[in-house]
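Counting convention: from 1, in listed order, for ligands and their atoms alike. Quick note: numbers below take in every heavy atom, side chains included, and nothing from hydrogens, waters or symmetry partners.
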Amino acid sequence: MDLYEYQGKELFKRFGIPVSEGRLALSPAEARGAATDLGGPVVVKAQVLTGGRGKAGGIKLAASPDEAEARAREILGLDIRGHVVRKLWVERASEIAKEYYLSLAFDRSEKKPLFMLTTEGGVEIEQVAAEKPDALVRLHVDPLEGFQPYMARRLIYGAAIDDPEEQKQIAEIVGRLYRAFVECDAMLCEINPLIVTPEGGVRALDSKFTVDDNALYKHPDIAEMRDIDAADPQEAIAREKGVTYVKLDGEIGVLGNGAGLVMSTLDVTALAGGRPANFCDLGGGGGAQGVVDALEVITSDPHVKALLFNVFGGITRCDEVARGILAALDQMKIGLPVVVRLDGTNAEEGRRLLAEAAPPNLHVEPTMLDAARRAVELAR
Ligand code: GDP
Ligand code: MN
């Protein structure tokens, strides 16, 4: 789960990483209020779950509450790479002498957290890695050894940061970032830029914070930060109902049992000339409630023109899935064409049940490819 800048900064603050004081604002009037509250010049920052806001016009300085209100009016509603701005973070403006970059990310290939530090901050890190690879210091932390102060020193000397006051502050921030990362079960904590003010103070001017979804149950306070409005409506319903669902942008609603089979069904749908509207894994649950829940999620997407069930009975029995499909169609009054392919355990019995009930919009096909072709045809 990705957090907004202001949420990441709240966590930074909790772990003692210095940030600027700020307020959340949802309207130009609130931005004015926030600026009045904070006093002096502020920076008005679009809160969207994507980077490069500065370049896209989503970050503006304001010298007065009047200006903050005007800048807020410009930024709210702005579309930044497909993300519409609905929230602003108004914080006390900083004077910047230097912009550094510090991050800690989970490196899957090494199975270890990886620190990266460079004095070439403020720009995208990929650019630094490509153009000035020597300026980027990388250091893995062995999770069994944990963070040790020498690691911070190695990073700081490696990046050629030689001011003793900066060294001291950054060493503290590095250690605190490691604690924040581990204690929040983060996958990424990035500070870009980590600034040095003209007075020599170091603080985080931005935050990119990603928490492992699988650990959210341990962190109800972080789980609560999820922005329901920003999430895709279908994915929000799916999460609520516990349906394994990923939205895609086609018109064929796909359901199957087992992630591998569903992935193949997406491919076969594409092969048949259609575009899948989603990934949905019924898992072991072929029972009526599981099918109803999945269909409710899938059919709430107005782009869906046909439904394609691809079920291979292993432990799940096809007759049970067939009953589930019939019960769901009965309960939900689905008008869309429904194509079903059943194979494996009790497939014959399943097909017999479907043929007997024979709702007018139900089509049974013998193979996966036939089923995909039929669904694509019926979606036209
Ligand atoms: P991003 O573009 O989404 O990464 O957003 P950032 O929060 O990193 O801001 C982008 C840039 O705006 C920074 O690199 C700074 O140069 C500038 N900026 C942000 N906040 C301030 C501030 O308080 N004062 C000044 N002078 N510049 C700022
Ligand atoms: Mn940034």
For ligand 1, output the ligand-protein N/O contacts shorter than 3.5 angstrom; if there are none, return none.
residue  : atom   : partner : partner atom : Å
ligand 1 : 2 (O)  : Arg53   : N            : 3.2
ligand 1 : 2 (O)  : Gly54   : N            : 2.8
ligand 1 : 3 (O)  : Gly52   : N            : 3.4
ligand 1 : 3 (O)  : Arg53   : N            : 2.9
ligand 1 : 3 (O)  : Arg53   : NE           : 2.7
ligand 1 : 3 (O)  : Arg53   : NH2          : 3.4
ligand 1 : 4 (O)  : Asp206  : OD2          : 3.1
ligand 1 : 5 (O)  : Arg53   : NH2          : 3.1
ligand 1 : 7 (O)  : Lys45   : NZ           : 2.6
ligand 1 : 7 (O)  : Arg53   : NH2          : 3.1
ligand 1 : 7 (O)  : Asp206  : OD2          : 3.4
ligand 1 : 8 (O)  : Asn192  : O            : 3.1
ligand 1 : 8 (O)  : Asp206  : OD2          : 3.0
ligand 1 : 14 (O) : Glu99   : OE2          : 2.9
ligand 1 : 16 (O) : Glu99   : OE2          : 2.9
ligand 1 : 23 (O) : Ser94   : N            : 2.8
ligand 1 : 24 (N) : Ser94   : O            : 2.8
ligand 1 : 26 (N) : Ser94   : O            : 3.3

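Ring-plane geometry between Phe12 and Phe209 is classed as tilted, the angle between the planes lying from 30 to 60 degrees on a 0 to 90 degree scale.
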How far apart are the C-alpha atoms of Phe106 and Leu114, what are their side-chain angles, what is the distance that settles it, and do they pass the side-chain contact (heavy atoms from CB on, under 4.5 Å) test? CA-CA 6 Å; Phe106 192 74; Leu114 169 67; over 6 Å; no

Between Phe279 and Leu266, is a side-chain contact (heavy atoms from CB on, under 4.5 Å) present by the stated rule, with each step listed? CA-CA 7 Å; Phe279 168 99; Leu266 303 184; 4.1 Å; yes

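Near the Mn ion (ligand 2), less than 2.8 Å away, sit the protein N, O or S atoms Asn192 O, Asp206 OD2.
Atom CE of Met332 has more than 12 heavy atoms from other residues, nucleotides or ligands within 6.0 Å. Other residues, nucleotides and ligands contribute at most 12 non-hydrogen atoms within 6.0 Å of the NE2 atom of His303.
Annotation: salt bridge (charged side-chain N to carboxylate O under 4.0 Å, His left out) contacts involving residues 249-271, sequence neighbours excluded, comprise Asp249-Arg275, Glu251-Arg275. For residues 192-207, the set of pairs meeting the salt bridge (charged side-chain N to carboxylate O under 4.0 Å, His left out) definition, not counting sequence neighbours, comprises Arg53-Asp206.
Closest approach of Val137 to Ala159, counting heavy atoms only: CG2-N, 3.4 Å.
Tracing side-chain contacts under 4.5 Å through hydrophobic residues (I, L, V, M, F, W, Y), one never reaches Ile195 starting from Val90; they form parts of separate clusters.
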